[in-house]
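These notes are about the structure you will find just below.
Counting convention: from 1, in listed order, for ligands and their atoms alike.
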Amino acid sequence: MPKPIPKKLLPNLIQVGISRCLLGEEVRYNGGHKLSRYCRDVLSHWFEFVDTCPEVEIGLPVPRDAMRIVDTDKGIRILEIKSPENDHTDALSSLAGKKKAELDPLCGFIFMQNSPSCGAFRVKIYHPNGQSLNTLGKGAFARQVQRLYPNLPVEEAGRLMDSKLRENFVTRVFLYQEWRQLKDADPSRAEIIAFHSSQKYLLMAKSQRHYKLAGKLLARAGKYSISTLAIRYEFILMDGMKRIGGRKGNTNALQHMQGYLKKILNGDQKAELTSLIESYRVGEVPLIAPLILLRHYSGGASDYYQDQSFLEPHPKSLGLLNDI
Ligand code: SF4
């Protein structure tokens with residue numbers, strides 16, 4: 001795990017929501033917690049966590065009866081297991097709307113997996129007779145947060161153990177924060193286009209399709225009001241960034257970046273960079289290896305090249321590019 005940097009040396013922290021039990025608070029139905037050391041000990045040096053326990057916030061005690069998602073005659077409901085007449089669906093679903101002031105500034109949300117309230121993906125759904133069904137759903141609170149904030153980067157703590165998902169989520173949080181800062185400052189069309197210019201290769205690495213869609217949209221920027229342009233651009237950007245481009249996508253972006261160094265590098269340097277990108281493509285070295293070389297040569301390159309967030313999408317000290 002990377003060594004944390006003392007908080008006083010860090011810039012402003014990014015506000016990110018989190019299920020309260022992941023911070024070690026004993027708020028689970030059984031009186032326990034689900035501490036995520038990665039969140040508490042590493043991400044907390046960059047993120048200011050805004051914690052929520054939806055079940056406690058709708059007035060349930062700790063400990064309490066366990067609940068689950070049930071496919072009933074009245075649709076998908078969140079029912080207590082022992083007393084299914086106790087239906088908490090409406091209270092949990094409406095909570096996100098009531099917490100708007102707290103949720104609005106967030107640039108990401110880390111949920112607890114497998115929870116009927118907080119699970120953001122693939123939570124088990126049950127038949128009223130208690131049998132587990134083949135279909136999967138989302139926790140009631142997490143579903144509503146995602147409905148109200150469709151572009152908000154969302155992940156589950158369990159999935160953050162996967163290096164690709166972890167890197168993707170953290171990249172999206174930093175990018176979303178940067179975009180939100182621009183959006184809040186009433187940008188001009190030119191400023192939105194300039195913002196996109198520096199994200200081009202990051203988006204290309206994740207999704208060629210979204211990269212092309214964003215290009216087409218911004219080529220016709222003058223046809224839209226600025227607010228419509230910002231809404232459309234944000235959707236394309238954040239939807240594209242959810243994709244895991246993998247080695248194929250990253251190799252493509254690396255090769256495009258290499259193209260900008262054509263006139264700067266001599267033959268040996270070009271060959272070394274080409275060989276390193278190929279080593280990355282076939283899985284011999286992690287992404288950080290060719291990126292270090294691209295960063296190393298950035299001194300002589302154009303501002304456009306140097307501004308590419310693909311070169312450093314998040315703080316080096318997180319070490320996330322060493323594992324993908
Ligand atoms: S998963 Fe959500 S509702 Fe359950 S204890 Fe954790 S924060 Fe509370």
Ligand 1 atoms in contact with Ser19 (distance to a heavy atom under 4.0 Å)
7 (S)
Please determine whether the number of non-hydrogen atoms from other residues, nucleotides or ligands lying under 6.0 Å from atom CZ of Arg122 exceeds 12.
no
Answer side chain, backbone, both or neither: which part of Glu57 comes under 4.0 Å from ligand 1, heavy atoms only.
neither
Please report whether the ring centroid of Phe235 lies less than 6.0 Å from that of Tyr233.
no
heavy-atom search around atom 8 (Fe) of ligand 1 in the protein gives Cys53 SG, 2.3 Å
For Arg64, the ligand 1 atoms whose distance to one of its heavy atoms is below 4.0 Å
5 (S)
More than 12 heavy atoms of other residues, nucleotides or ligands under 6.0 Å from CG of Asn134: yes or no?
no
Taking atom NZ as the centre, does Lys124 end up with more than 12 heavy-atom neighbours from other residues, nucleotides or ligands that are less than 6.0 angstrom away?
no
Are Lys34 and Glu25 within salt-bridge range, i.e. N to O under 4.0 Å?
no
Proximal atoms of ligand 1 relative to Arg20 (non-hydrogen, under 4.0 Å):
7 (S)
May I ask whether Thr52 has any heavy atom positioned less than 4.0 angstrom from an atom of ligand 1?
yes
Mind telling me whether Tyr201 and Tyr260 have parallel, tilted or perpendicular rings, with 30° and 60° as the class edges?
perpendicular
Between Glu156 (side chain only) and Phe121 (backbone N and O only), is there a donor and an acceptor less than 3.5 Å apart?
yes
Report, in ascending order of atom number, the atoms of ligand 1 lying under 4.0 Å from any heavy atom of Arg28.
5 (S)
What atoms in ligand 1 come closer than 4.0 Å to a heavy atom of Ser115?
1 (S)
Ranked by distance from atom 6 (Fe) of ligand 1, the top protein heavy atom is Cys21 SG, 2.3 Å
To check your reading of the model: name the closest protein heavy atom to atom 2 (Fe) of ligand 1, its residue, and the distance in Å.
Cys118 SG, 2.4 Å
Mark up the atoms of ligand 1 that fall under 4.0 Å of a heavy atom belonging to Glu55, in ascending order.
3 (S)
If we set the cut-off at 4.0 Å for heavy atoms, which region of Leu22 has an atom near ligand 1: side chain, backbone, both, or neither?
neither
Going by the atom numbers of ligand 1, which of them fall below 4.0 Å from some non-hydrogen atom of Val27?
5 (S)
Ligand 1 contacted by Gln113 (non-hydrogen, < 4.0 Å)
no
Using a heavy-atom cut-off of under 4.0 Å, does the side chain or the backbone of Met112 touch ligand 1, or both, or neither?
side chain
